[in-house]
Structures are given as structure tokens and as C-alpha cells.
Amino acid sequence: MTGNRPQPNPRLLQRVQSILRLGHYSPRTGAAYRGWIVRYVKFHGLRHPLDLGERDVIAFLEYLVEQRRVAASTQGQALSALLFLYARVLVRPLALQGRLPRSRRPVRLPVVLTQGEVRRLLDQLSGTARLVALLLYGGGLRLSEGISLRVKDLDFVTGEIRVRQGKGGKDRVTVLAKAVMAALQAHLRVVEQLHQRDLARGWGAVVLPTALAVKYPSAPTSWPWQWVFPARRTYIEAATGVRRRHHVHPSAIQRAMTAAVGRSGIAKRASCHTLRHSFATHLLESGSDIRTVQELLGHDDVTTTMRYTHVLNRGGLGVRSPLDRLAE
């Protein structure tokens, strides 16, 4: 039985959770870090990490690379979790420079749809999934950014979407496409009616980031702070006993997207993130400046954005084949 297996020190995990919360790490990052810390401790027979050192960290990472054959990104996440554990939780930073085994990171081009394929895909979607997909493609949003939008983040006058706490905790502004405005406004009218019903039942307070609920007590029930895409079901918050409604779960949109790709007959491994790739590529095709695209996507380094120049729908690296010129 799982319950009889020895588990890592609960006080250590409580300390990890506390530091994650104080550092405003995202729930997904927190869950990943806790998972890797638990695996690391179990790998070394439940010894406390203070009794372990650099050699033990390297042994665990070598195990991941050589026996588990993990991807480079997976190994990087495990390393980040252990660096966080020792530097932030145990306050004993590791000295690992130049001593780490590395998974070979393959160079892969992003999957990009043509505009015709995007249209076919969107035609197979409906309801909330279609609206989310329109925002992902129309503004280059990540799925997590799209489903966590609040009403106040949409500016229909200026045609802007304000992305709050995106990847890396950064805010940015991107475009709100005119083509989605009417459908989105109709959707918001329905959502507002749902919110009013929730308030009439004695709940309807949304979770706010950090301590804003303390600073602005009326904000959790106010319309501007509500989710654009609320979940159908409510839940009872364990810490407070308050009934709340979260935003739609990413898996619901992912399942709808997978089914739509299958129905569309598109012979590519397309996903929600493919719409973000397609947004960037189609902007560059239409002549948009790469620095502008970088800002809209929220990339720190322009070299990350430059990978889309390799998948422009104009042949390899966007050049004409000499064979075509010879044929002319």
C-alpha cells in the first residue's frame, strides 16, 4: 500500500511549500519542484538533503540522464528544483559549475499551421474552446495565459490584451483581434449573468493574486476581477471554506483541440501551443518587425523569436529555390 511506504520529512516539504508561496512561484512550478525534491530524497534512501551534497546531486542527475533517459528540459527542471532546495530552503547553495551531466538537447523547429489550416481547425471548434483558440492565435497567448484572463485584462477600445504574470512572472501587452471582439463580448454577457447568480447564492468571490484581497476587500466579488473563462463547477477552498469558481481547466481545452485536429484532417502534431507558433510565423510573413513580435510573445531573447524565421511558409529559411528560378 502507498500509505505504508516511507515518505520524505513532512517538515521539509512544509518549508519548501512556504518558500514557494513567499516567492510567488506559480502552482505548476511549485508542484514540479516538490515532485523533484521528493524523488531526490527517495533516491537517496530518505536521507535529509542537509546530509547530502554536490556528489549526491550529480549522482541523481546522472541517474536521470543515463538510466531514465530524460529529455534535456526535464533534467533542467530537476536541476532547478534542487538548486532552489539548497539555495532558498536550506540556505546552502550548491557549487556545481562544470560538473553536471547533460542530456543532449535536440534542435526542433516549432510546428506551424498555414492560415488555411488554422481556418480549418477553428471551424472544428465551438463554445469556450473556440474562443480560447481565437485568442491564442489572435494574440500569441500561451494556453495558461488565455484561460487565466480576467475581465479587466481585455481592452476593447484600444484592442489590447494585458497578460498578467506570464511566463517568468512578466506582464506584457498583446493584440486583441477585432475578429473576436463581438463573440467575446457576447460570451462576457453570459459570464456576467453567471457571476450575478453566484453572488445571489452568497458566493462569487474569485481568488486574487498575492494579498490584493486584503488591500481591496470588495475586489474578489467585483466584475472586473472575474475570470473570462470560468469553470462550470465550483469548489470549496480548503484553507477558508469559501465556495469559489476557478477558471476553466487547461485539459478541457487541450482535449477539444486534439479532437478538432483529428476532425480537420490536418496531418501535423498540432496543439494549443501551435496556435502561438502560427501567430508569430504569420506576423513575420506579413512583414512585421521581429522585435515587435518578440515583445508581443514576451521573449527575453530575440534569438528565441528568430526560430520562426526558419519555418516561414516560403521554403527553407524563407528563400526561393534556384530550381524555381531556372524553371522561369
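Along the sequence shown, residues are numbered consecutively beginning with 1. None of the values given here were measured: they were computed from a predicted structure.
- Between V151 and W225, the closest side-chain pair of non-hydrogen atoms is not below 4.5 Å.
- The CG atom of L82 sits 11.5 Å away from the CD atom of E54 when rounded to the nearest 0.5 Å.
- Between the side chain of E160 and the backbone N or O of T174, no donor-acceptor pair lies under 3.5 Å.
- The structure places CH2 of W223 at 13.5 Å from NZ of K152, a figure rounded to the nearest 0.5 Å.
- When atom types are taken as modelled, the side chain of R245 and the backbone of A231 share a donor-acceptor pair closer than 3.5 angstrom.
- Distance check: L13 CG to L20 CG gives 10.5 Å after rounding to the nearest 0.5 Å.
- Judged by distance alone, the side chain of R47 and the main-chain N or O of L52 form no donor-acceptor pair under 3.5 Å.
- A donor-acceptor pair under 3.5 Å is formed between the side chain of T258 and the backbone N or O of Q254.
- A280 and L297 get closest at one heavy-atom pair: CB-CD1, 3.6 Å.
- Here D56 contributes atom CG and D51 contributes atom CG; the two are 9.5 Å apart, rounded to the nearest 0.5 Å.
- In the model, T234 has a side-chain atom that pairs as donor or acceptor with a side-chain atom of R243 under 3.5 Å.
- Side-chain contact check for R34 and Q17: at least one donor-acceptor pair (N or O, by modelled atom type) lies under 3.5 Å.
- A donor-acceptor pair under 3.5 Å links the side-chain atoms of S278 to the main chain of L113, judged by distance alone.
- Between the T29 side chain and the Y25 main chain, no donor and acceptor come within less than 3.5 Å of each other.
- The backbone N or O of R291 lies less than 3.5 Å from no partner atom in the side chain of E295, so there is not a single donor-acceptor pair.
- The closest donor-acceptor contact from the side chain of Q185 to the backbone of F156 lies at 3.5 Å or more, if one exists at all.
- For the pair F229/I253, no side-chain contact is recorded, criterion being any heavy-atom separation below 4.5 Å from C-beta on.
- No more than 12 heavy atoms of other residues, nucleotides or ligands sit less than 6.0 Å from atom CZ of R68.
- We find that E117 and R119 are not joined by a salt bridge, their nearest charged nitrogen and carboxylate oxygen being 4.0 Å or further apart.
- Under the 4.0 Å criterion applied to side-chain N and carboxylate O atoms, R162 and D171 are not assigned as salt-bridge partners.
- Other residues, nucleotides and ligands place more than 12 heavy atoms under 6.0 Å from the CZ atom of R201.
- Taking CZ of R276 as the reference point, atom CG of L141 lies at 8.0 Å (rounded to 0.5 Å).
- The closest donor-acceptor contact from the side chain of K268 to the backbone of V112 lies under 3.5 Å.
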What pairs of donor and acceptor atoms, side-chain ones from residues 121-139 against any protein atom, are under 3.5 angstrom apart with sequence neighbours left out?
| unit_1 | atom_1 | unit_2 | atom_2 | d |
| --- | --- | --- | --- | --- |
| Q124 | OE1 | R263 | NE | 3.3 |
| R130 | NH1 | L122 | O | 2.6 |
| Y137 | OH | H282 | ND1 | 2.7 |

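- The one candidate from L64, V57, L61 that meets the side-chain contact (heavy atoms from CB on, under 4.5 Å) condition with Y40 is V57.
- Under the 4.5 Å side-chain criterion, counting only non-hydrogen atoms from C-beta, Q226 is not in contact with L194.
- The shortest distance between side-chain heavy atoms of V173 and V163 does not fall below 4.5 Å.
- At a threshold of 4.5 Å between non-hydrogen side-chain atoms, the residues H246 and V207 do not count as touching.
- Between the side chains of S271 and H273, no donor N or O sits under 3.5 Å from an acceptor N or O.
- Not counting sequence neighbours, W227 has no partner by the side chain to side chain donor-acceptor pair (under 3.5 Å) test.
- Each salt bridge (Lys or Arg N to Asp or Glu O under 4.0 Å) pair with one or both residues in residues 172-194, not counting sequence neighbours, appears once here: E145-R172.
- Residues L83 and L94 have side chains in contact (heavy-atom distance under 4.5 Å, counting atoms from C-beta outward).
- By the 4.5 Å heavy-atom criterion applied to side chains, L184 and V228 are counted as neighbours.
- Formation of a donor-acceptor pair under 3.5 Å by the Y86 side chain with backbone atoms of P49 is found in this model.
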